[in-house]
A.B. asks: 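Here it is, the structure, as structure tokens.
FYI, side chains are in, hydrogens and waters are out, and symmetry mates aren't considered; it's all heavy atoms of this structure. These numbers come from a predicted model, not from an experiment.
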Amino acid sequence: MRTTDAATPAAGMLTLDRHLGGAAEVIRALQGERARLDRWGRELAVRLGSGARLLVAGNGGSAAEAQHLAAELTGRFRDDRRPYSAIALNIDTSAITAIGNDYGFDEVFARQVRAHGRHGDVLLLLSTSGASANLLRAAAAAAPIGMLRWSMTGPAPNPLHTACDDGIALPGIAANVQEAELVAVHALCVVFEHEITRAP
């Protein structure tokens with residue numbers, strides 16, 4: 001029967017404590033962005049309520065949160081209400097592989113922005129590093145269209161935070177920033193649905 005060193009559980013607990021402590025610190029930093037999250041949620045309600053759409057993208061874990069946000073808006077978060085247009089650019093595997101094969105992986109989101117984006121739409125880009133080339137190119141592609149560009153990243157300064165019209169930059173390691181992305185996604189939905197339900 002395998003035995004474990006008595007020190008191993010303690011060492012594991014310390015590692016766990018560091019991770020959970022880091023997550024708590026990033027969430028505290030996100031609380032400092034409440035005014036911006038409120039403003040973004042209200043802006044989404046106005047724009048999507050008027051027929052605009054949200055395009056959202058990320059890589060890896062951030063791609064999962066991009067897809068999560070799009071699902072909340074096209075489905076529902078808490079209250080029953082009509083669906084709103086939100087497209088996660090990282091979910092169409094045929095488009096991503098075709099564009100990546102023909103134009104390179106750096107273009108997988110930018111080309112979709114040019115295809116789907118319209119003046120007045122919102123582009124939200126999620127990146128723990130803030131340095132992903134495919135997201136930077138998406139931000140650049142959205143500018144001449146007249147889209148509003150937001151970023152949610154790890155620590156600033158970083159290129160994506162600088163490239164967008166507005167952004168939330170959170171201190172912390174990538175895993176903790178990704179955990180905070182989920183909280184931020186739900187916070188946006190809280191404000192969005194509140195605004196939508198009170199609109200005449």
A.B. asks: Just to verify, what does V26 make a side chain to side chain contact (heavy atoms under 4.5 Å, CB included) with, not counting sequence neighbours?
C.D. replies: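 Only L170, N176, A180 meet the side chain to side chain contact (heavy atoms under 4.5 Å, CB included) criterion with V26.
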
A.B. asks: By the salt bridge (charged side-chain N to carboxylate O under 4.0 Å, His left out) test, which pairs, at least two apart or in different chains, include something from residues 151-162?
C.D. replies: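 For residues 151-162: none.
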
A.B. asks: Ignoring hydrogens and geometry, is there a side-chain-to-backbone donor-acceptor pair from S129 to A131 under 3.5 Å?
C.D. replies: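 Judged by distance alone, yes, a pair lies under 3.5 Å.
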
A.B. asks: Through direct or indirect side-chain contacts below 4.5 angstrom among Ile, Leu, Val, Met, Phe, Trp and Tyr, which residues connect to L182?
C.D. replies: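 Traced through the cluster, L182 reaches no other member.
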
A.B. asks: Please set out all donor-acceptor pairs under 3.5 angstrom arising from side-chain atoms of residues 185-193, sequence neighbours excluded.
C.D. replies:
| from | atom 1 | to | atom 2 | distance (Å) |
| --- | --- | --- | --- | --- |
| H186 | NE2 | H68 | NE2 | 3.1 |
| H186 | NE2 | E72 | OE2 | 3.3 |
| E193 | OE1 | R78 | N | 3.0 |
| E193 | OE1 | D79 | N | 3.1 |
| E193 | OE2 | F77 | N | 2.8 |
| E193 | OE2 | R81 | NE | 3.0 |
| E193 | OE2 | R81 | NH2 | 3.0 |

A.B. asks: What residues form a side chain to side chain contact (heavy atoms under 4.5 Å, CB included) with A175, not counting sequence neighbours?
C.D. replies: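 For A175 the side chain to side chain contact (heavy atoms under 4.5 Å, CB included) partners, ignoring immediate neighbours, are H19, I173.
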
A.B. asks: Sequence neighbours left out, what passes side chain to side chain donor-acceptor pair (under 3.5 Å) with T153? Give chain and number order.
C.D. replies: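 In terms of side chain to side chain donor-acceptor pair (under 3.5 Å), with neighbours along the sequence ignored, T153 is linked to N158.
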
A.B. asks: Would R53 count as a cation-pi partner of Y84, with NZ or CZ less than 6.0 Å from the six-membered ring centre and within 45° of the ring normal?
C.D. replies: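 No cation-pi geometry.
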
A.B. asks: Once salt bridge (charged side-chain N to carboxylate O under 4.0 Å, His left out) is applied, what residue pairs with a partner in residues 138-165 remain, sequence neighbours excluded?
C.D. replies: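 As it turns out, the salt bridge (charged side-chain N to carboxylate O under 4.0 Å, His left out) pairs with a partner in residues 138-165, which skip direct neighbours, are R149-D165.
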
A.B. asks: Quick one: closest heavy-atom pair of A139 and C164, and the distance?
C.D. replies: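 The answer is CB-SG, 4.2 Å.
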
A.B. asks: Do you know which two heavy atoms are closest between L135 and L160, and how far apart they sit?
C.D. replies: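 Of all heavy-atom pairs spanning L135 and L160, the closest is O-CD1, 3.9 Å.
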
A.B. asks: Could you work out, with side chain to side chain contact (heavy atoms under 4.5 Å, CB included) as the rule, every residue matching A52, not counting sequence neighbours?
C.D. replies: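 Checked A52 against side chain to side chain contact (heavy atoms under 4.5 Å, CB included); matches are R47, D121.
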
A.B. asks: Kindly write out the residues that satisfy side chain to side chain contact (heavy atoms under 4.5 Å, CB included) with A63, not counting sequence neighbours, or none if the list is empty.
C.D. replies: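 A63 satisfies side chain to side chain contact (heavy atoms under 4.5 Å, CB included) with N90 once adjacent residues are dropped.
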
A.B. asks: Please name the pair of heavy atoms, one in H161 and one in A156, separated by the smallest distance, quoted to 0.1 Å.
C.D. replies: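 H161 and A156 have their closest heavy atoms at CD2-CB, 4.0 Å.
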
A.B. asks: Quick one: side chain to side chain donor-acceptor pair (under 3.5 Å) partners of R18, sequence neighbours excluded?
C.D. replies: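 R18 satisfies side chain to side chain donor-acceptor pair (under 3.5 Å) with T15 only.
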
A.B. asks: Would a hydrophobic clustering, with Ile, Leu, Val, Met, Phe, Trp and Tyr connected at side-chain separations under 4.5 Å, put L124 with L148?
C.D. replies: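 Linked, L124 and L148 end up in one cluster.
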
A.B. asks: So do the side chains of V183 and L30 get within less than 4.5 Å of each other, counting heavy atoms only?
C.D. replies: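 Side chain of V183 against side chain of L30, heavy atoms only: contact under 4.5 Å found.
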
A.B. asks: Side-chain contact, heavy-atom cut-off 4.5 Å: L37 with I168?
C.D. replies: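 They are in contact (side-chain heavy atoms under 4.5 Å apart), so the answer is yes.
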
A.B. asks: Where do L89 and Q112 come nearest, in terms of heavy atoms and distance?
C.D. replies: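 Where L89 meets Q112 most closely, the heavy atoms are O-NE2, 2.9 Å.
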
A.B. asks: Within this structure, what is the CD1-NE2 distance for the pair I87 and H116, rounded to the nearest 0.5 Å?
C.D. replies: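 Going from the CD1 atom of I87 to the NE2 atom of H116 covers 5.0 Å.
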
A.B. asks: Who passes side chain to side chain donor-acceptor pair (under 3.5 Å) against T97, sequence neighbours left out?
C.D. replies: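 Expected list: none.
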
A.B. asks: Could you give the distance from CD1 (I96) to CD1 (I91), rounded to the nearest 0.5 Å?
C.D. replies: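 The CD1 atom of I91 is 8.5 Å from CD1 of I96, to the nearest 0.5 Å.
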
A.B. asks: Within a strict 4.5 Å, meaning less than it, do heavy atoms of the T128 and S62 side chains meet?
C.D. replies: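 T128 reaches S62 side chain to side chain.
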
A.B. asks: A45 and I196: which non-hydrogen atoms are nearest, and at how many Å?
C.D. replies: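 Nearest heavy atoms, A45 then I196: O-CD1, 3.7 Å.
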
A.B. asks: Can you tell me which residue pairs pass the salt bridge (charged side-chain N to carboxylate O under 4.0 Å, His left out) test with a partner in residues 25-42, sequence neighbours excluded?
C.D. replies: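 Sorted result for residues 25-42: E33-R36, R36-D166, D38-R42, R39-D166.
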
A.B. asks: Going hydrophobic residue to hydrophobic residue with side-chain gaps under 4.5 angstrom, can you get from L73 over to L126?
C.D. replies: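 Yes, because L73 and L126 connect within a single hydrophobic cluster, where side-chain heavy atoms sit under 4.5 Å apart.
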
